[in-house]
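Note sheet for the following structure.
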Amino acid sequence: MTALSINAERLLGRIRELGQIGRDEDARLVRLAASDADKAGRDAFVAWIGDAGLEVAVDRIGNIFGIWKDGANAGRAPILLGSHIDTVINAGIYDGCYGVLSGLEVIETLKAAGYTPARPIAVAAFTNEEGVRYAPDMMGSLVFAGGLSVEAALATVGTDGTVLGAELERIGYAGPEEPSFLKPHAYVELHIEQGPVLEREGVSIGAVENLQGISWQRVTVDGDANHAGTTPMSMRRDAGHAAACVVTFLRDCARASNTPTVATVGCMSFEPNAINVIPSRATFTVDLRDPDEQRLQAAEAALAAYLKELAIAEEVTISVERLARFEPVTFDRKIVELVEAAARKRGLASKRMTSGAGHDAQMIARIAPSAMIFVPSLGGVSHNPREHTPDADLVAGANILLDVVTCLTAQ
Ligand code: GLV
Ligand code: MN
Ligand code: MN
C-alpha cells in the first residue's frame, strides 16, 4: 500500500500566497507581530482554517487555533502542530509559515482521506514568535504554556511605543479564550533549519533533539555630547565608542572560546545621532546563545564584568535591561524517534540535531512532550529574503509531519 501524502500543490501555493502578504513599499516582507500586515496574514490563515472545515479559536494573546475534533475524540487532549506567521524585517517566506501551513495541510489530508484520529488534532499560529516589535520572542507560546501572564504580555510596550494588547484589539485578534483553554497531549513543529548543516551533509530531514538557550539584553551607555571638532580625544566621554568596544569584545570572546557560543549585536542607536556630535547615549541589544546553560551563564557573566571595567575606563555609565532569557531545552525522545522512523520508512536520510534558532516548541515543551522536524535551508540563509528551501524538501518534511501525527493519533 502506498503511503498517504499531503497535497503538495495546495501547501506550496499557500506558502507562496502568504509570502506575498505584508510586503512594504520596497516589496520587503515585514509582518511584525500585531501590525496591519500581520492582520492580513492572520486573515488569510483563518480563511484557510475555515475552508478546511475546522473550528477556529483565538486566545487572549492572539494565538490562532484551527481544531479538528469529532464527537468520539472530543474529550481527549489534542495533538498540537504549529509555529508562527509573524516575521522579522525583510524576511524570507518560509520561517514559521511553513510549519503553520504544513500543520493545516496535514489535518486537511487526514480529513480528506477519511482517517479517524483517536485524539483531536489542532494547528496553531502563535503570536509574536520573532520578538522584533515586542520582547520577549516566542511570547504567544510562552503565555500559552503559562510562563508569562497574559496581562503582563498584553502590557508589553513595543520598539515603536505601541502596546501589544491595544494593537491586538485594533487588528481584531484579542480573542476570548484563556491561553490555557487547550492542553496539548504532544506538540510537533516543522520548520526550516535556518542553518547550513542539512544541506552541507546532503540530509533531507532533521530530527531536532534539543534547542539552545537564549539571552537577550538591552544595554544603554551614557556619556557626554560634545563638539566633534573641538573636543580632544583624551577629553571625551563617548558613548558610541564604548558601544563599539562591546561589539568587538563579544565577537572576540565568542570566537576565542572555541565553543558553540554565538553573540550578536543586532540593534544600535546613538543620541543625538548627528555627524558632528560625540554621542551622549548609545543603546544596543545583545543576543547570546549556547546549547549549554553553564556556558551561557559564563558568557553573560563575562559581558557583565567587561561592562563594569569599560564604564570605569571610558568614564561612562552603563545600564542593562533583560529582554528575554530561555534555558536550553531537550525535546521528547519518543517523538524524535518517531521522526527518525518516519524518515526511514520514506527512504529519507535523517540526522539528529540541535536548533540554533528559538522556536515555539521551546515554550510548549514546558507543558507537553514536544519535538521538531527540520528541512534544509539553502546556504543556511534565514531572516533574509534569500531564505530558500526546495519544494521537494518542503513536501518531504510535511509528509514526515503527516506520518508522525498519524502515529501520535493512532490511539
Ligand atoms: C527566532 O527566529 C530567533 O531565533 O531569534
Ligand atoms: Mn521561526
Ligand atoms: Mn525567525
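Just so you know, ligand 1 is whichever comes first in the structure, and atom 1 is the first atom listed for that ligand.
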Distance filter under 4.0 Å to [X] heavy atoms, resulting ligand 1 atoms:
X      : answer
Ala357 : 4 (O)
Gly358 : 1 (C), 3 (C), 4 (O)
Glu129 : 1 (C), 2 (O)

| Charged N to carboxylate O under 4.0 angstrom, Arg333 versus Glu337? | yes
| Got a sec: does the CD of Glu315 have more than 12 other heavy atoms crowding it under 6.0 Å? |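 Check fails, neighbour count at 12 or below.
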| field | Side chain Glu105, main chain Asn7, donor-acceptor under 3.5 Å | value | yes
| task | Indicate yes or no for a side-chain donor-acceptor contact from Thr156 to the backbone of Tyr134 under 3.5 Å, with no hydrogens or angles considered. | result | no
| request: May I ask you to check whether His359 brings an N, O or S atom to under 2.8 Å from the Mn ion (ligand 2)? | output: no
| Given Gln194, Met138, Arg289, which has its nearest heavy atom closest to atom 3 (C) of ligand 1? |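 It is Arg289 that holds the nearest heavy atom.
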| Metal site the Mn ion (ligand 3): N/O/S of His383 inside 2.8 Å |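 It does: His383 brings an N, O or S atom closer than 2.8 Å to the Mn ion (ligand 3).
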| Is there a heavy atom of His383 sitting under 4.0 angstrom from any atom of ligand 1? |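 Contact check His383 vs ligand 1: positive.
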| With Glu300, which of Arg289, Arg295, Arg322 fulfils salt bridge (charged side-chain N to carboxylate O under 4.0 Å, His left out)? | Arg322
| task | Kindly give the atom name of the N, O or S atom of Glu130 closest to the Mn ion (ligand 3). | result | OE2
| Under 6.0 Å between ring centres, would you say that holds for His359 and Phe326? |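 Ring centroids of His359 and Phe326 are no less than 6.0 Å from each other.
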| query | With ring centroids as reference points, do Phe65 and Phe144 lie under 6.0 angstrom apart? | reply | yes
| request: Among the N/O/S atoms of Asp95, select the one at the shortest distance from the Mn ion (ligand 2) and name it. | output: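 Closest N, O or S atom of Asp95 to the Mn ion (ligand 2): OD1.
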| request: Tell me which protein heavy atom sits closest to atom 1 (C) of ligand 1, plus the residue, atom name and distance to 0.1 Å. | output: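 Its nearest protein heavy-atom neighbour is Glu130 OE1, 3.4 Å.
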